[in-house]
Amino acid sequence: MADDKKLTTRAEDFSAWYNELVLRSELADYSPVKGSMVIRPNGYGIWERMQRALDDMFKATGHQNAYFPLFIPESFLHKEAEHVEGFAPECAVVTHGGGKKLEEPLVVRPTSETIIYHMYAKWVQSYRDLPILINQWANVVRWEMRTRLFLRTLEFLWQEGHTAHATHDEAEEETLKILGVYRTFAEQWMAMPVITGLKTNSEKFAGALRTYCIEAMMQDNKALQAGTSHNLGQNFAKAFELQFQDENGQMAHAWNTSWGVSTRLIGGLVMTHGDDIGLRVPPRLAPIEIVIVPIWKNDDEKARLTEAALRVKAELVEWTGRGATDRLRVHVDLRDGMRSGAKYYEWELRGVPLRFELGPKDLEKQAVFAARRDTRAKQSLPMDGLPAAAAALLETIQQDMFRAAVERREANSVRGIPSYDAFKALMDGAGGFVYAGWCGSDACEAKVKEETKATIRCIPDAEFRSAEAPATCLRCGAPSQAEAVWAKAY
RNA sequence: CGGGGCGUAGCUUAGCCCGGUAGAGCGCCUGCUUCGGGAGCAGGAGGUCGGAGGUUCAAAUCCUCUCGCCCCGACCA
């Protein structure tokens, strides 16, 4: 059945398309425990690229990595009122160990604020000990009711940065600096455009003063919160007695920030760039940027073309035009007993950005036949100067993917929606991002959610706001306090 | 936790209404021929029909219980 080989299309059933794509491109698989998943090498390879890029950026902004433990005393969670309220329902709790009931249950971290600020309190005495700028790469557990591969699983991988500062302004600066890092990463590495902004009270992190976020639009026009950066104020410092003596000898509570992105980004990558053929990985995150498929008819050709393919790979990998540490990532598909056509489909499903076909005719011409994954455009590239041409093409693919994603988002964003009824109709149908006024009341926001399932994704930063600020609230018509981006979300 | 659906080979599934002891496609293994967009032929391996109990001469099929999964709602990176 030829149809068995095709994915359910996005238009038919977006959610089925997503699941099939993740499973069949071998990004991940279901594990025996409901709601948790195995990240397979294809998916983990992308995560490793993400980690490397982000980690470099964190280091460049003065952060260091450390590791805090998985288990947290249950009482820690209770020290910050909002925090416990937000996380207690979804915590996994260990009650037994070593065959005995524990005196105090241990919570499996849903996030690490409590344990980390407890430790910071031990380490900080003076303003001279500040700031502390630490990040950790870790797994966390949140006992979700409804799970989806990468987007929401019981356990996921992420990085969580936790900093402590002497002043509010310094903490705020840090919060915004990281938001900028996330935005740069999303745009330049993931080729995924995001809106930056501030979360409303109902959507902010449990225990934070303010939560900033990056929000991306998926191909079903729903929003995905792709990263958050919190100014925690002194809430945790007060709960954990994280104090220091300032220059005047006065005791003061530190100001904290925390920020994170997770493997959820892989889900965002799929829903931003995937098509009905499969995944499309932006070159900068692709574990394999170029796959070379040699084509042969008989043993003689097989020998010649295998040798030629390996030679092309060597030339590409040895090229240092992108810097000695950033070599082209190339794979040669030498599998026998599989036709070249079948190989093309498989690499397209997996999203490798560039494919070089190399057959006798190409060899004769001293060229490779190059196929772009993003546009599926094909062209012959001469062997002479191939590495530089390949690198340039990959860069073009990266830029084009970003541009296409921006265009799609803008095409599905609405400013100046005429009425709440029009909004309801839109959310009932195509969906999208709606820039509209908000009176500032939690109740109004909750009503909209109840009536349309849409929420305020963020109060967008200045550069995303409409030229003319909306005058009235989307729902109640009262004077608008802020322009908000409304959308249904994952 | 409420509503709906489904459990048969690695995957997709037919058979179930009307009981008679399991079949197909894909995938996998072997061989030959193939090879520029999902190869063809021949041979082969693989299933206690989610589990337990019941009805019956006989259960994938009927009944009861149970477990698991998926979809829709209340919570969420």
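Computed over heavy atoms, backbone and side chain alike; hydrogens, waters and symmetry mates excluded. Just so we're on the same page: letters track the sequence lines, and every chain starts at 1.
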Whichever of Y490(A) and E348(A) has its nearest RNA chain B nucleotide further upstream toward 5': E348(A)

Sequence-distant partners of K222(A), side-chain hydrogen bond (donor to acceptor under 3.5 Å, both in side chains), two or more places apart: none

Side chains of S229(A) and T175(A), donor plus acceptor under 3.5 Å: no

P gap between G5(B) and U21(B), integer Å: 31 Å

C1' atoms of A59(B) and U48(B), separation to the nearest Å: 14 Å

Watson-Crick or G-U stems of RNA chain B, 3 or more pairs, under 3.5 Å, by first number: B:1-7 with B:67-73, B:10-13 with B:23-26, B:28-33 with B:39-44, B:50-54 with B:62-66

Contacts of E315(A) that satisfy side-chain hydrogen bond (donor to acceptor under 3.5 Å, both in side chains) - sequence neighbours left out: none

Whether F236(A) and Y117(A) hold their rings parallel, tilted or perpendicular, with breakpoints at 30° and 60°: tilted

Interface with RNA chain B, restricted to residues 138-147 of chain A and to heavy atoms under 4.0 Å: R142(A), E144(A), M145(A), R146(A)

Residues that F76(A) engages under ring pair (Phe, Tyr, Trp, His ring centres under 6.0 Å), provided they are two or more places apart: H118(A), F240(A)

Pair listing, side-chain hydrogen bond (donor to acceptor under 3.5 Å, both in side chains) test, anchored in residues 267-283 of chain A, at least two apart: R10(A)-D276(A), D275(A)-R373(A)

Residue closer to the 5' end of RNA chain B, G35(A) versus G86(A) (nearest nucleotide): G35(A)

Partners meeting ring pair (Phe, Tyr, Trp, His ring centres under 6.0 Å) with F205(A) (sequence neighbours left out): H83(A), F87(A), H230(A)

P gap between G7(B) and U13(B), integer Å: 9 Å

Would you tabulate the nitrogen or oxygen pairs shorter than 3.5 Å linking the protein to nucleotides 28-36 of chain B?
unit_1, atom_1, unit_2, atom_2, d
U34(B), O2', R339(A), NH2, 3.2
C35(B), O2', W296(A), O, 2.7
C35(B), N4, K297(A), O, 3.4
G36(B), OP1, R339(A), NH1, 3.4
G36(B), O5', S340(A), OG, 3.1
G36(B), O6, G359(A), O, 3.3
G36(B), O6, P360(A), N, 2.8
G36(B), O6, K361(A), N, 2.5
G36(B), N1, D362(A), OD2, 2.4
G36(B), N2, D362(A), OD2, 2.8

Closest listed nucleotide, where the reference is the side chain of K449(A) and the choices are A77(B), G37(B), C75(B): C75(B)

Sugar-phosphate only, base, or nothing, as touched by L224(A) at under 4.0 Å among non-hydrogen atoms: nothing

Touch class at under 4.0 angstrom, heavy-atom based, for T455(A) against every strand present: nothing

Whether W158(A) stacks on the six-membered ring of A77(B) base, 5.5 Å and 30° limits: no

side-chain hydrogen bond (donor to acceptor under 3.5 Å, both in side chains) contacts in which one or both residues fall within residues 286-299 of chain A, not counting sequence neighbours: E289(A)-R322(A)

Salt bridge (Lys or Arg N to Asp or Glu O under 4.0 Å): pairs with one or both residues in residues 73-93 of chain A, sequence neighbours excluded: E82(A)-K204(A)

Touch class at under 4.0 angstrom, heavy-atom based, for R335(A) against every strand present: nothing

Partners meeting side-chain contact (heavy atoms from CB on, under 4.5 Å) with A425(A) (sequence neighbours left out): none

Between T196(A) and D461(A), a side-chain donor and acceptor under 3.5 Å: yes

Touch class at under 4.0 angstrom, heavy-atom based, for R148(A) against every strand present: nothing

Distance, P atom - from C57(B) to U12(B), rounded to whole angstrom: 38 Å

Which residues share a side-chain hydrogen bond (donor to acceptor under 3.5 Å, both in side chains) with N42(A), sequence neighbours left out: none

